[in-house]
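What you are looking at is a predicted structure, and each value in this text was computed from that prediction instead of being measured. Each chain gets a letter, A, B and so on, in the order its sequence line appears, and its residues count up from 1.
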Amino acid sequence: MKKINLFFAFCSLFLVPFSAQAQTLNVEVGNVTYQFPAEQAGVMPYSSGTTLTVLNKAFTLSDVTAMYIDNTAVTDNTVSVDYSGTTAKVKVAGNVAQYLTVAYTNAHVSIVQSADLAQEITYTLSGTSTDGGFYMEGSYKATVELSGLTLTNASAVYSGAAVHIQNGKRIKVKVVTGTTNTLKDASSGSQKGSLYIKGHAEFAQKGTLNVYGYVKHAIKAGEYISVKNCTINVLSAVGDGINCEQYFLMTSGEINISGVGDDGLQCDIEDTTTGSTGETTDHEDEDSGNVYIEGGTLNINCSATGSKGIKAAGDVIVTDGTVNVTTTGNGVWDATDKETKAACGISSDANITISGGQITLKSSGSGGKGMKCDSVLTISGDNTVIDITTTGGMYYSNGSTENHNYTGNTDRLDSNYYSSPKGIKAGLKTKSGSSGWNATYTYAGGLVINGGTITVTTSGNNAEGIESKNDLTISGGTVTVNSYDDGINSARNMYLKGGTITVVAKNNDAIDANANMYISGGTVMAFGAGGAECGLDAAEGYSLYITGGTVLAAGGNNNSVSSTTGSQPLLSASISLSAGTTVSVALQNSSTTLCSFLVPDTYTGSSQGGFFAPMAGPGGQGGPGGQSGRGSAALITCDGLQSGSTYTITYGSSSTAAKASTTYQGM
Amino acid sequence: MKKLVLFLAIFILSVSLSAAEYNYLVFTSTSGTTTALDVQNLTMSVSGSSLIVTNQAGNKTFALAELKQMQFSEDGTVTGLENVLNADRPVQVYTTDGKHIGLFENLIEATQTLTQGVYVITDGKNSQKIVVK
């Protein structure tokens, strides 16, 4: 082994020096240095005493400020731009010199690639300038390395963008590991982004990029954007924080967006004439408008009126990662569309599909929503966690008068004039006939929950928890809703097949289907308000069908239950409920509990009373017994109930008896 | 042990292959006269119609109008390589053990296409061994 080491040392001493003798011809034209390795330079012809040509790059000799030979090692296919104050030094590898036209004004650098270029060039940008810019134009894919670059464009020479890549191909943006980079664009320009890339931008490496957009967006790509590993901080933008077309894909890294005048992240369809391609294999030639979150952390704070944290013309697909969006903007009147618009954490013109990740959405403005889509919203995945909180009230505007906490009746109000706050809204209900009470509608999309832990809290006036504008199906997961208005609402049929659903609605129905409601499985605890508000409510002329599941529904009333094939017997009673009360059911004179429920802490009783009329229970118990809860009409069902049998319902220290039936006559 | 020996062999080979030294810059006048200058600390500047070349040996002035070309040289002589490089002539590329790699439009295209290694390149009249890094 010692011999080997000695041999290695020998090699190092006597052979390495040979490799250090790489001669390079440097041709300086002002602040631009073209570097030609000797082994590549070949014959360098002079012409007419005025021109020198090296590797097909012609230099006008009167423009050459210096030529010298040194031992600089040159990496093929590279260009470096080093900014310092009001100047920038550019170095161009000789093998690509013939394909590049370099110009500069002080620290503003322009590089135009010729159409003949057939190899990828890496542009490495570094240094600091308070009035500089980098403009590159071409038609061959390129890499831009941000390697400790602090660039403020103050005078918009070649572009107002700090970095402007006028190249429609793939542009890899390497935010070099260990470096911090800051870009600010010129407020006097007309650029679309402080960092503008005409083509598709692939962000990579583990550095940090801070971006300020003083004219429009902070980061704008004409095609798709993908983000891997790096940290991107959008600290200011007149428009969107990040705006792209085709699709947006985040697989890792961290994006923080704040201080924006419009949406946090917006993705549009590039070819609106042809329309969406939908998702394609490996995203090849994809123009979907989709937003994919597959990993990493995305933190967005939006304060503009009607702004969206994430806005996609296509689908929003979350499979992993962490998404935190806070919107604080109020609703606003859109004079172009002549309708109100409201803020939203995640908004899709198509589908939202969430199968993983941790998503936290907060909205405090009038009409503000957590998440909404025009088509189908699907939530699944054992590890999916979604937490949504909205605190804003209803927004009203007719274009001249607005109200950020509208309390008027909206039953006959054109929907263009108001935006209701909601935790989740999925699907579209579109008026297709006459207006008013005679209006007819078409329905699209809907909501499907197959798994996950979903918590929705709304506290503003008229704020529903979860609403589907078409059918709604829950077959798994843990869904907890505390709402001001309806807890869970569907414009059409509702199917509760599984999962654990707990709903407390303070001022309206807990679970409300505007068509039939079918409960066939899962555990459902639904606490509606008092008076006419229900725990479970189906629309007039429609029915509630219960063929399975473990259910406690309480409110001022409950919907009638119709018998159907396989109906599961149920119990009805008027009982007093309060937070922390345990409600259990046992066959009369039996100690075997068939089912039990714990009234959630958020339940404060039916605020409008209900028809509390406790029945005397076995053992002389009865009455509220000093409990603080309000009277509630309760429906209870679970596996094991026999129609015609009598059961004891125990709630707190009280109890009552009820006979099981497959039907119930409620409201 | 075998891996280490193999690594060292490759290391030595690669170092040796990249050890080409271009110690001279050879200027050729329109009349065919050549002047080889040592590249150590060599600088060039244009002054009016002259090219002034400075190295550790001193200054040399060329009339630009009488300069045909310049090129790097390992030994101060101009090889036939200029015929290969200068013309946009097709070149044949071979490995050092004689295996034919292919025909390229010119030397630049060949060097941009070939993977790392040592090749023998010929334009039919002249041949040159090249190193692609």
Trainee: Please list all pairs passing the salt bridge (Lys or Arg N to Asp or Glu O under 4.0 Å) test where one or both residues lie in residues 95-120 of chain A, with sequence neighbours left out.
Mentor: Glu120(A)-Arg170(A)
Trainee: Are more than 12 heavy atoms, taken from residues, nucleotides or ligands other than Lys57(A), located less than 6.0 Å from that residue's NZ atom?
Mentor: yes
Trainee: Is a donor on one side and an acceptor on the other found under 3.5 Å between the side chain of Gln23(A) and the backbone of Tyr22(B)?
Mentor: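 Checking the backbone N and O of Tyr22(B) against the side chain of Gln23(A), a donor-acceptor pair under 3.5 Å is found.
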Trainee: Kindly compute the distance separating OH (Tyr68(A)) from OG1 (Thr54(B)), expressed to the nearest 0.5 Å.
Mentor: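 Going from the OH atom of Tyr68(A) to the OG1 atom of Thr54(B) covers 15.0 Å.
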Trainee: Any side-chain heavy-atom pair from Leu25(A) and Met70(B) closer than 4.5 angstrom?
Mentor: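 Yes, their side chains come closer than 4.5 Å.
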Trainee: To the nearest 0.5 angstrom, please state how far the CE atom of Met44(B) sits from the CG atom of Asn26(A).
Mentor: 9.5 Å
Trainee: Identify which of Leu55(A), Val54(A), Leu61(A) forms the greatest number of heavy-atom pairs closer than 4.5 Å to chain B.
Mentor: Leu61(A)
Trainee: Report, by ascending residue number, the residues of residues 45-52 of chain B in heavy-atom contact with chain A at a distance under 4.5 Å; give 'none' if the set is empty.
Mentor: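 From residues 45-52 of chain B, the residues near chain A are Val46(B), Leu51(B).
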Trainee: Met44(A) and Phe72(B): side chain to side chain contact (heavy atoms under 4.5 Å, CB included), yes or no, with the steps?
Mentor: CA-CA 9 Å; Met44(A) 298 169 272; Phe72(B) 283 98; 4.0 Å; yes
Trainee: Atom CD of Glu28(A) and atom OG1 of Thr43(B): how far apart are they, to the nearest 0.5 Å?
Mentor: 11.0 Å
Trainee: Could you check if a side-chain atom of Leu64(B) sits within less than 4.5 angstrom of a side-chain atom of Thr50(A), using non-hydrogen atoms only?
Mentor: no
